[in-house]
Novice: 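Let me give you the structure first, and then I'll get to my questions.
These numbers come from a predicted model, not from an experiment.
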Amino acid sequence: MFSRFCHPNAAVRLGTMIRNFSVSARNNHRVAVLGASGGIGQPLALLLKESLLITELALYDIVHTLGVAADLSHIETKSKVTGHVGPEQLGECLKGADIVMIPAGQPRKPGMTRDDLFNTNASIVRNLAEACAEHCPEALVGVITNPVNSTVPIVSEIYKKRGVHNSNKIFGVTTLDTVRANTFVAEAKGIDVHKVNVPVIGGHAGITIIPLISQATPAISFPQAEREEITKRIQNAGTEVVEAKAGSGSATLSMAYAAARFTFSLLHGLQGKECITECAYVQSDETEAKYFATPILLGKEGKVRNLGIGKLLDYEFQLLKDALPELTDSIKKGEEFVSSA
């Protein structure tokens, strides 16, 4: 669908994005990772440490950050790594940040839904958003902490309260849904995954995840039963990992990969590289939901253009109808958490 605007982002997958950079563009970006000692934060920081686009990598968490920073600082790449521990050092971590990635929070455990995480993670995201709004209001913010369908509205409402809200700079990182869709579709068809791009719209939980296989690049088709099966696997892939880890964690490594990919896309956009697109959960008027994931064109100010939903199959349109009530409720829950505080 969005190939009519620019080439799908499959051409700038993680491996090439880590090393490629323009000698004429600014390569001294500061990136902060909040929750850097956790299961997502550590591998995400490791992947970011390899990037030549990053000069300063600032890591924050409430424990163990100094050890993570010391470990990463021994790696022979250009970025300087700093560790920041506890709320009193959060402002120092955020000062001058161009991008802030937020994986902080409690991971999902067997039997838990993303909504079960809300009571714990909502307050964590609220406090971090308050700090970002104060210390780096112009930074691009990538929200990874679940439930993303609710935590992105929390960040937005905090920024509105602070008078620094810019919807072009706040993103819910749903890249993992696209990564999974690409992987599962490529495996099912026996084709090179690096040539596959499946846009995923909606939200980032269960039935709100809507893979648009009909809009995949290259053009791909499945019998309806197989289409439904692969769609359900994409929607339930997080649970697949939680159950496979048998209580020891959730999807951390694949999420770190996806978050790094999204961060590199933001960096390339900041540098003015053309045709950088990623699906992301953003403030939107594409549907009745105030926030909705669609392909987004990225640039120097964050979101340049929402590339929209495009034409849907009847089956995909039904998925959209089924998703909207849950998505709308999740958004309202996040907004009310801030308004009632």
Side-chain angles (χ1 to χ4, degrees), residues 14 18 31-51 54 57-75 81-87 90 93 99-125 127-129 141-152 155 171-180 183 204-206 209 236-264 281:
L14 189 63
I18 286 176
V31 176
V33 179
L34 310 185
S37 298
I40 297 170
Q42 288 199 45
L44 171 58
L46 173 61
L47 291 169
L48 296 181
K49 181 67 173 76
E50 287 198 78
S51 175
I54 300 172
L57 183 59
L59 309 181
Y60 171 82
D61 215 318
I62 56 174
V63 292
H64 307 311
T65 329
L66 297 181
V68 175
D71 197 357
L72 289 174
S73 71
H74 294 180
I75 295 173
V81 182
T82 56
H84 309 267
V85 184
L90 180 53
C93 175
I99 296 173
V100 179
M101 301 300 291
I102 308 179
Q106 178 181 327
R108 191 151 63 106
K109 298 177 182 177
M112 294 178 68
T113 66
R114 284 176 170 81
D115 275 347
D116 292 330
L117 300 177
F118 183 86
N119 290 334
T120 298
N121 287 351
S123 59
I124 293 172
V125 170
N127 295 341
L128 295 176
V141 178
V143 182
I144 301 166
T145 308
N146 280 317
V148 166
N149 292 354
S150 298
T151 53
V152 171
V155 174
F171 304 89
V173 181
T174 61
T175 317
L176 181 54
D177 298 323
T178 298
V179 167
R180 286 167 166 161
T183 300
H204 187 54
I209 299 169
N236 296 316
T239 300
E240 180 179 315
V241 175
V242 169
E243 292 177 349
K245 288 189 174 182
S248 65
S250 58
T252 53
L253 300 178
S254 55
M255 184 64 246
Y257 169 91
R261 167 177 153 170
F262 188 74
T263 307
F264 297 140
Y281 182 69

Novice: Checking Y60 now: which residues fulfil ring-ring contact (aromatic ring centres under 6.0 Å, His included) with it, not counting sequence neighbours?
Specialist: none
Novice: What are the two closest heavy atoms between A256 and L44, and how far apart are they?
Specialist: CB-N, 3.6 Å
Novice: A36 and L59: which non-hydrogen atoms are nearest, and at how many Å?
Specialist: CB-CB, 3.6 Å
Novice: T82: what forms a side chain to side chain donor-acceptor pair (under 3.5 Å) with it, not counting sequence neighbours?
Specialist: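 Here the qualifying residues are H84.
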Novice: List in chain and number order the residues that pass side-chain contact (heavy atoms from CB on, under 4.5 Å) with T145, two or more places apart in sequence or in another chain; answer none if no residue qualifies.
Specialist: I102, N121, V125
Novice: Mind listing the closest non-hydrogen atom pair of A258 and V179 along with its distance?
Specialist: CB-CG2, 4.2 Å
Novice: Roughly how far, to the nearest 0.5 Å, is the CD atom of Q42 from the OG1 atom of T252?
Specialist: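 Between atom OG1 of T252 and atom CD of Q42 there are 10.0 Å.
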Novice: Mind checking the CZ-CD1 spacing from F264 to I99? Nearest 0.5 Å is all I need.
Specialist: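 So the CZ of F264 and the CD1 of I99 are separated by 9.5 Å.
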Novice: Quick one: list whatever passes side chain to side chain donor-acceptor pair (under 3.5 Å) with S37, sequence neighbours left out.
Specialist: none
Novice: Excluding sequence neighbours, so at least two apart, what forms side-chain contact (heavy atoms from CB on, under 4.5 Å) with I75?
Specialist: L46, K49, L72, T77
Novice: Any chance you could lay out the side-chain contact (heavy atoms from CB on, under 4.5 Å) test for V143 and H204, step after step, and finish with the verdict?
Specialist: CA-CA 11 Å; V143 182; H204 187 54; over 6 Å; no
Novice: Is a side-chain donor or acceptor of N127 paired with a backbone partner of S123 at a separation under 3.5 angstrom?
Specialist: yes
Novice: Of the non-hydrogen atoms in L34 and C93, which two are nearest, and what is the gap between them?
Specialist: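 Looks like CD2-SG, 4.1 Å.
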Novice: side-chain contact (heavy atoms from CB on, under 4.5 Å) with S248: which residues, sequence neighbours excluded?
Specialist: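 S248: side-chain contact (heavy atoms from CB on, under 4.5 Å) contacts with K245.
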Novice: Does I144 reach the side chain of T151, with side-chain heavy atoms less than 4.5 Å apart?
Specialist: no
Novice: Which pair of non-hydrogen atoms, one from T174 and one from Y281, has the smallest distance, and what is that distance?
Specialist: CG2-CB, 3.7 Å
Novice: Determine the minimum heavy-atom distance between I40 and P103, stating which atoms define it.
Specialist: CG2-CB, 3.8 Å
Novice: Return the CG to OG distance between L176 and S254, rounded to the nearest 0.5 Å.
Specialist: 4.5 Å
Novice: Using side-chain contact (heavy atoms from CB on, under 4.5 Å) as the criterion, list what pairs up with P107, not counting sequence neighbours.
Specialist: S250
Novice: Who pairs with E240 by salt bridge (charged side-chain N to carboxylate O under 4.0 Å, His left out), at least two apart in sequence or on another chain?
Specialist: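 Scan of E240 (salt bridge (charged side-chain N to carboxylate O under 4.0 Å, His left out), adjacent residues dropped) gives R233.
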Novice: Hey, are the side chains of R180 and I209 touching, using non-hydrogen atoms and a 4.5 Å cut-off?
Specialist: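 Not touching, per the 4.5 Å side-chain cut-off.
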Novice: Answer yes or no: is there a side-chain heavy-atom contact under 4.5 Å between V173 and M101?
Specialist: yes
